[in-house]
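Before any comments, here is the structure.
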Amino acid sequence: MARNIARLLLLPGDGIGPEVMAEVGRVIDWLGTRRGLGFATETALVGGASLDAHAVPLTDATLARAQAVDAVLFGAVGGPRWDRNPFHLKPEQGLLRLRKELGLFANLRPAVCFPALADASSLKRELVEGLDIMILRELTGGVYFGEPRGIEILPDGQKRAVDTQVYTSGEIERIGRVAFELARKRRNKVCSVEKANVMHTGVLWREVMTALGAQDYPDVELSHMYADNCAMQLVRAPKQFDVIVTDNLFGDLLSDCAAMLTGSLGMLPSASLGAVDAQGRRRALYEPVHGSAPDIAGQGVANPIAMLASFAMMLRYSFDLAEDADRLEAAIAAVLARGLRTADIMQPGMTRVSTEAMGAAILAELDRL
Ligand code: NAD
């Protein structure tokens with residue numbers, strides 16, 4: 001009998017979202033029958049699917065369910081059907097509301113290069129083979145939210161646009177803590193990235209990170225780097241990094257840059273974490289980086305690996321099931337090493353498989369490991 005260890009809310013969404021989520025469903029079943037780990041799952045609509053059924057991209061009832069469970073697993077939202085909707089009725093608003101209401105301030109974007117895919121990177125094999133770095137982006141502060149913001153018309157008829165980069169020491173400290181804790185579970189190195197040479201927020205960022213490291217995490221190696229240099233280093237020698245922690249804007253750019261070191265969008269997982277609540281639970285949402293891919297939706301060809309790797313992150317970060325997360329990641333690596341490929345990562349001489357066949361091969365590998 002499987003022991004119930006957690007409640008999960010599955011939000012498959014639109015396009016390929018439900019197709020890749022179905023493969024996670026099979027892994028959840030496998031964990032129940034083979035490992036005795038029972039997840040109580042509920043499924044709800046989000047994005048375009050929710051708009052069609054309820055006229056909003058996220059209902060209050062679904063939000064309440066997201067707040068009640070131990071973790072949320074999100075597929076993808078969006079598609080041409082809803083592109084002409086007014087801004088507040090776009091499918092993406094469902095995701096933005098979830099992030100805001102759950103207070104998800106820490107965005108984890110790992111960049112891991114599977115040996116079998118090293119040749120698919122835009123960098124040379126020796127630079128990316130064995131790459132395993134984590135970019136931690138602050139997600140709810142900084143220039144995307146700072147006030148004042150807007151566009152005004154000046155007396156001389158010109159327009160003037162303003163965005164404000166703003167961080168409090170409390171906001172920096174809470175993302176800093178996540179970085180140090182992550183590093184302790186990895187290779188124990190944090191690189192804090194800002195532009196203290198030209199920005200006041202950068203000066204404060206460096207000051208807070210330095211004090212936090214010295215006071216509470218003296219065992220973790222802390223270094224500092226300017227964001228422009230970090231961009232260069234990521235494409236020059238990415239393996240020098242372990243955990244990179246940075247603000248919302250720099251994190252947006254640097255995480256996309258790091259992502260491309262590893263090949264396809266169909267391979268990239270992510271996690272967004274919030275604060276720890278009174279019961280000791282950390283709010284969390286796990287999702288692939290890719291969108292709903294309307295160009296291939298319904299064809300059974302989507303790569304389920306980003307979704308499955310997001311689920312592995314959930315096992316590791318929400319439930320401390322590092323061994324099961326490692327096993328799922330090892331199964332993915334083994335299937336790739338055997339030459340199975342979905343269309344997006346297809347290479348000459350490899351075997352092209354469907355979404356379902358990729359999921360089945362990973363399950364078979366889990367049985368073997
Ligand atoms: P996309 O990520 O959906 O697709 C970009 C390209 O990558 C497409 O050619 C697609 O076929 C391919 N691709 C993506 N995921 C794949 C996978 N798992 N397997 C194989 N190929 C894959 O981005 P887009 O085309 O810019 O956007 C499509 C829709 O998704 C839009 O409505 C957009 O707003 C939305 N979107 C949603 C999210 C999200 O839900 N978090 C993120 C990005 C885009």
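Just so you know, ligand 1 is whichever comes first in the structure, and atom 1 is the first atom listed for that ligand.
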Any idea how Tyr217 and Phe180 line up, ring-wise: parallel (<30°), tilted (30 to 60°), or perpendicular (>60°)?
-> parallel
What protein heavy atom sits nearest [atom], and how far off is it?
atom	answer
atom 14 (C) of ligand 1	His290 CB, 3.7 Å
atom 25 (O) of ligand 1	Pro294 CD, 4.6 Å
atom 33 (C) of ligand 1	Glu92 OE2, 3.4 Å
atom 29 (C) of ligand 1	Ser292 OG, 3.3 Å
atom 38 (C) of ligand 1	Gly291 CA, 3.5 Å
atom 8 (C) of ligand 1	Asp295 OD2, 3.4 Å

Verify, without hydrogens or angle tests, whether Thr140 (side chain) and Phe105 (backbone) share a donor-acceptor contact under 3.5 angstrom.
-> no
Using a strict cut-off of less than 4.0 Å between a Lys/Arg side-chain nitrogen and an Asp/Glu carboxylate oxygen, indicate whether [X] and [Y] qualify as a salt bridge.
X	Y	answer
Asp119	Arg125	yes
Arg177	Glu173	yes
Arg26	Asp29	no
Glu221	Lys189	no
Asp52	Arg81	yes
Lys185	Asp320	yes

Of Asn303, Val77, Ile296, which has the heavy atom at the shortest distance from atom 22 (C) of ligand 1?
-> Ile296
Heavy-atom protein contact below 4.0 Å for atom 11 (O) of ligand 1 | yes
Does the protein place any heavy atom closer than 4.0 Å to atom 19 (N) of ligand 1?
-> yes
Would you mind listing which atoms of ligand 1 come within a distance below 4.0 Å of any non-hydrogen atom of [X]?
X	answer
Leu265	2 (O), 5 (C), 7 (O)
Ala302	19 (N)
Gly266	17 (C), 18 (N)
Glu287	41 (N)
Leu95	41 (N)
Ala293	3 (O), 10 (C), 11 (O), 14 (C)
Ala76	40 (O)
Ile16	15 (N), 16 (C), 17 (C), 18 (N)

According to a 4.5 Å side-chain heavy-atom criterion applied to Ile, Leu, Val, Met, Phe, Trp and Tyr, with indirect links allowed, do Leu45 and Val72 form part of one hydrophobic cluster?
-> no
Verify the neighbour count for atom CZ of Arg368: are there more than 12 heavy atoms of other residues, nucleotides or ligands below 6.0 Å?
-> yes
Search all heavy atoms of Ala49 against all heavy atoms of Trp82 and return the closest pair with its distance.
-> N-CZ2, 4.2 Å
Compare every heavy atom of Ile296 with every heavy atom of Val301, then report the nearest pair and how far apart it is.
-> CG2-CB, 3.9 Å
For ligand 1, is there an N or O atom under 3.5 Å from any N or O atom of Gly79?
-> yes
Should the proximity of Pro91 to ligand 1, defined as any heavy atom under 4.0 Å, be assigned to the side chain, the backbone, both, or neither?
-> neither
